[in-house]
Amino acid sequence: SSTNAAFNLTVSNSASGSYALTVMSIVTVVVFPLVLLYQGWSFYVFRTRVKAPPEQQAQQAQTAPAAP
């Protein structure tokens, strides 16, 4: 800081405390696999809904009105 040396940020005074880092690590270890499982499950559930089957796409292309 240009106003006072006491306001300078250093690695030691800007890092979280030991307890906070421990809690964040435990929460991350528990929650991150759950997030990955949910992403995998949602991809599995919606994998067939991304696009129509080829027959239906061809049928829609034939019946779609022409653009003006």
So, taking the atom named OH in Tyr38 and the one named CH2 in Trp41, what distance separates them when rounded to the nearest 0.5 Å?
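Taking OH in Tyr38 and CH2 in Trp41, the distance rounds to 6.0 Å.
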For Phe32, which residues count as a ring-ring contact (aromatic ring centres under 6.0 Å, His included) partner, sequence neighbours excluded?
none
For Leu9 and Ser14, the nearest pair of non-hydrogen atoms, with its separation, is CD2-CB, 4.1 Å
Assigning hydrophobic clusters by single linkage (Ile, Leu, Val, Met, Phe, Trp, Tyr; side-chain heavy-atom cutoff under 4.5 Å), is Val23 placed with Val31?
yes
Membership question, hydrophobic clusters at under 4.5 Å side-chain separation (ILVMFWY): are Tyr19 and Val27 in the same one?
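In one cluster: yes.
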